[in-house]
Amino acid sequence: MSLVSIVDALAGKPGEGEKVTVQGWVRTRRDSKAGLSFVNIHDGSCFNPIQAVVDNNVNNYESEVIKLTTGCSVRVTGTLVPSQGKGQTFEIQATEVEVLGWVDDPDTYPMPMKPHTVEHLRKHAHLRPRTNLIGAVTRVRNCLAQAVHRFMHENGYNWIHTPIITASDAEGAGEMFRVSTLDQANLPMTDKGEIDYSKDFFGQESFLTVSGQLNVEAYCLAMSKVYTFGPTFRAENSNTSRHLAEFWMVEPEIAFADLSQNADLAEAMMRYIFKAVLDECGDDMAFFQQRVDKDCINRLENVIDNNFERMSYTDVISVLEKSNKKFEYDVKWGIDLQSEHERYIAEEYVGRPTVVTDYPKDIKAFYMRMNDDGKTVAAMDVLAPGIGEIIGGAQREERLDVLDARIEEMGLPAEHYWWYRDLRRYGTVPHAGFGLGFDRCVSYVTGVQNIRDVIPFPRVPNNVKF
RNA sequence: GCACUUGUAGCUUAGAGGUAGAGCAGCUGGCUGUUAACCAGUUGGUCGUAGGUUCAAAUCCUACCAGGUGCGCCA
C-alpha cells in the first residue's frame with residue numbers, strides 16, 4: 001500500500017492495479033441503492049477530485065459510506081484502476097473507507113457542493129479553500145509566487161528579507177500602521193503634552209512597512225541584483241476591489257540599470273510567471289476560463305507573445321486629448337492619470353499591458369530620477385487591462401545634490417533619510433526597480449475581479465476577521 | 001473619506017401595503033457505473049436589528065448593524 005496524492009493517483013503514477021491510499025475531503029457522493037457509491041474526493045493537489053468506487057462489500061458501507069456528505073474527511077484505500085466511466089482516467093476501487101471527520105450538521109454546512117457567491121465565500125474564509133474556485137486561486141497564486149522566485153534565482157537575483165517593522169515612510173505619503181507596545185489607556189506624555197515615544201519599544205515611533213524599496217536599495221548597491229517579496233501594509237481607507245490593507249509585493253532592484261532596462265525586467269518577469277501558470281496550472285486555468293473569465297487564457301498568451309506597449313506620459317496625454325472621449329476628469333499635461341484614463345489607454349487604445357514612462361515630477365516620489373528636461377522623472381507604471389496599475393517603478397535618483405534638492409523641495413525631513421543619502425555618498429551608481437502588486441497580478445491572471453478573493457485572509461478597512 | 005446600493009429558509013432568490021413561494025442543499029424512499037447524476041416525497045422562514053406611519057408592514061419612513069459597487073489614494 002502506498003499513500004499518494006490525488007494528482008499522482010489521477011495521473012496513474014503508482015501504476016495500474018496498484019494498491020493505494022488517498023486522503024482528503026468528500027466533494028460529492030452519488031449512489032445506487034443496488035449497492036454502489038461514487039465518492040469524489042479532493043485533497044488540494046489538483047483541480048480534479050478522484051472518484052472512489054465503493055461497493056457494499058466494504059464493511060462500513062451501510063453504516064457510514066452512504067451517509068457521507070460534502071466536507072467529510074476520509075482515508076480511502078483500494079486498487080487504482082482505469083475508470084469504466086467517463087470524466088476521469090483513473091479511479092479507486094475501494095476496499096476500505098475510513099471516516100476521519102464527519103460534518104457536524106450537513107444541513108447548515110456553509111460549503112455544500114453548489115454555486116456560491118464570492119461574498120458568501122468571504123464570510124467563511126476558513127472553509128472557502130475547499131471550494132473549486134478558491135482551491136484553484138490558491139494553486140495559481142502559489143505557482144506565480146514560486147515562478148517569481150525561480151525567475152529571480154535563474155537571473156542571479158538575491159532575495160532580500162527586508163524588515164516588516166520600520167521607522168521611515170518610503171514615500172513621505174501614505175498612511176502607516178503604528179507598531180507600539182505602549183499602554184493605550186495610559187500613554188506616557190512629554191512636557192509638551194505629546195506622546196513620549198522614547199518610552200516605546202524601539203525608543204522611537206515605528207510602523208509596519210509600506211514598501212521594502214528603500215531597504216532593498218541598500219542591498220542593491222552591494223549585491224547588484226536583488227528583490228524583496230513579502231507583505232506590505234497601507235492604512236489608507238481605500239474601499240475598492242483592488243486594494244488591501246495587507247498585500248504582497250515583489251520589488252526587484254537592479255544596479256547599473258536605467259528605466260528601459262527596468263521595464264525590460266518587468267516584462268520578462270511577467271512573461272515568465274504567466275508561462276509558468278499556463279504550463280503548470282492548466283486545469284485551474286481551464287476552470288477560470290469556463291466559469292470566471294472566458295478571456296483569461298488568451299490574455300496570458302497575448303502577454304507572452306507580444307511586447308508591452310511603451311508610451312511616455314506626454315504621449316498618453318496627447319492620445320487622451322485626441323480621443324474625443326468624454327472623461328469625468330479633464331485631461332491636461334501635469335495631472336495624475338485617473339482610473340478612467342488608465343483604463344482607456346490599457347483597455348481600448350492599446351488592448352494589452354502598457355508601460356507608461358516619464359511622469360511629471362510633481363506627481364511622483366522624491367527618489368525618482370530627474371530627467372534632463374527638468375520637468376519629468378524616470379518613473380514607469382505598467383497598466384493592465386481590467387486591473388489598472390499593476391506595477392509602479394522608477395530609475396532612482398543616484399546624484400546626491402539632485403536628491404537633496406528634491407527632498408527639500410518636497411518638504412521631507414532630510415534627517416530621516418541619512419542612510420539613504422549615504423548610499424549616494426559612497427559609491428553611488430545608477431539603479432532602478434519596481435514594485436509588482438502580487439495580489440493584483442493573481443487577480444489579472446485568474447480573472448477573479450475582487451482582490452479579496454485572491455488572498456487567503458483579506459484585510460480591509462473594518463475587517464480583520466479570521 | 002465620498003457617492004450609490006443590498007439584507008426574505010443553510011445557500012440562491014420571487015414577492016413592491018392585505019399576513020411568505022420556489023430552486024439547490026439536507027432528510028426519506030426509488031434506481032447495477034454515476035460525473036456539481038436522475039425520479040418521487042419531505043423538514044425548514046416571527047422577511048438584518050430597533051423604532052415609527054397605518055385598521056393592516058417583508059413591502060413606506062428614520063436610525064443602527066452587516067455586505068456590495070463606483071470614485072479618490074495607490075500596488
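Values below: all heavy atoms of this structure, side chains included; hydrogens, waters and symmetry mates excluded. Below, chains carry the letters A, B, ... as their sequence lines are ordered, and counting in each starts from 1.
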message = Under the criterion of centre distance below 5.5 Å and interplanar angle below 30°, is A/Phe438 classified as stacked on the base of B/A75?
response = no
ask   = Over how many whole Å does the gap from A/Tyr109 atom OH to B/C24 atom C1' extend?
value = 16 Å
query = A/Met111 has an atom CE; how far is it from atom C1' of B/U12, in whole Å?
reply = 14 Å
Within the structure shown, what part of the strands sits under 4.0 Å from [X] by heavy-atom distance: base, sugar-phosphate, or nothing?
X        : result
A/Ser83  : base
A/Tyr329 : sugar-phosphate
A/Gly392 : sugar-phosphate
A/Gln449 : nothing
A/Gln84  : base
A/Leu244 : base
A/Leu36  : base
A/Gln93  : base

[M] and [N], which share atom name [atom1], separated by this distance in whole Å:
N     : M     : atom1 : value
B/G21 : B/G51 : P     : 27 Å
B/U12 : B/G52 : P     : 32 Å
B/A20 : B/G15 : C1'   : 8 Å
B/C39 : B/C24 : P     : 8 Å
B/C60 : B/G17 : C1'   : 8 Å
B/U28 : B/U8  : C1'   : 27 Å
B/U59 : B/A16 : C1'   : 5 Å
B/C64 : B/A25 : C1'   : 33 Å

Please determine whether any donor N or O and acceptor N or O are separated by less than 3.5 Å between the side chain of [X] and the base of [N].
X        : N     : result
A/His243 : B/C74 : yes
A/Ser238 : B/C74 : no
A/Glu175 : B/G1  : no

inquiry  = Consider side-chain contact (heavy atoms from CB on, under 4.5 Å). Of A/Thr446, A/Leu436, A/Val250, which one does A/Cys441 pass it with?
reply    = A/Leu436
Within the 4.5 Å heavy-atom criterion, are [X] and [Y] side-chain neighbours or not?
X        : Y        : value
A/Asp43  : A/Val22  : no
A/Val99  : A/Leu68  : yes
A/Val26  : A/Asn40  : no
A/Asp55  : A/Gln93  : yes
A/Phe288 : A/Met285 : yes

request  = Apply ring-ring contact (aromatic ring centres under 6.0 Å, His included) to A/Tyr367 and A/Tyr417, showing your working.
outcome  = CA-CA 11 Å; A/Tyr367 52 73; A/Tyr417 302 104; 9.2 Å; no
note = Between A/Gln51 and A/Ile390, the residue closer to the 5' end of RNA chain B by nearest nucleotide is A/Gln51
note = Listing for RNA chain B: consecutive Watson-Crick or G-U pair runs of at least 3, distance cutoff 3.5 Å, ranges ordered by first number, gives B:1-7 with B:65-71, B:10-13 with B:21-24, B:26-30 with B:38-42, B:48-52 with B:60-64
task = State, to 0.1 Å, how close A/Ala379 and A/Met368 come at their nearest heavy-atom pair, and which atoms those are.
result = CB-SD, 3.5 Å
key: Exercise: identify the closest heavy-atom pair between A/Ile50 and A/Glu91   = CG1-CA, 4.4 Å
Could [X] and [Y] be called an ion pair, given the rule that one side-chain N must be under 4.0 Å from one carboxylate O?
X        : Y        : result
A/Glu409 : A/Arg406 : yes
A/Arg271 : A/Glu267 : yes
A/Arg128 : A/Asp453 : yes
A/Lys67  : A/Asp31  : no

With respect to the phosphate group of [N], does any side-chain polar atom (N or O) of [X] fall under 4.0 Å of OP1 or OP2?
X        : N     : value
A/Ser241 : B/G70 : yes
A/Asn450 : B/U69 : yes
A/Gln338 : B/G72 : yes

What's the closest nucleotide to the side chain of [X] if the choices are [options]?
X        : options             : result
A/Asn237 : B/G1, B/G72, B/U34  : B/G1
A/Asn239 : B/G1, B/G33, B/C74  : B/G1
A/Arg440 : B/A75, B/G72, B/G33 : B/A75
A/Asp336 : B/G26, B/G72, B/C74 : B/C74

task = Kindly assign one of parallel, tilted or perpendicular to the pair A/Tyr227 and A/His149, based on the angle between their ring planes and the thresholds 30° and 60°.
result = tilted
ask   = Checking A/Arg299 against A/Tyr444: charged group under 6.0 Å from the ring centre and within 45 degrees of the axis?
value = yes
Contact list (N/O, under 3.5 angstrom) for nucleotides 36-38 of chain B vs protein:
residue: B/A36; atom: N6; partner: A/Arg291; partner atom: NH1; Å: 2.8
residue: B/A36; atom: N1; partner: A/Pro115; partner atom: N; Å: 3.2
residue: B/A37; atom: OP2; partner: A/Arg30; partner atom: NH1; Å: 2.4
residue: B/A37; atom: N6; partner: A/Asp31; partner atom: O; Å: 3.1

task = With sequence neighbours excluded, tell me which residues meet salt bridge (Lys or Arg N to Asp or Glu O under 4.0 Å) with A/Asp358.
result = none
query = Within the distance-only criterion (no hydrogens, no angle test), does the side chain of A/Asp381 pair as donor or acceptor with the backbone N or O of A/Leu383 below 3.5 angstrom?
reply = no
inquiry  = Just to be sure I understand the geometry, which residues of residues 340-360 of chain A put a non-hydrogen atom under 4.0 Å away from RNA chain B?
reply    = A/Arg343
ask   = For RNA chain B, which residues in residues 55-74 of chain A have a heavy atom at a distance below 4.0 Å?
value = A/Thr69
Do any N or O atoms of the protein come closer than 3.5 Å to N or O atoms of nucleotides 64-67 of chain B, and which pairs are they?
residue: B/G67; atom: OP1; partner: A/Lys465; partner atom: NZ; Å: 2.8

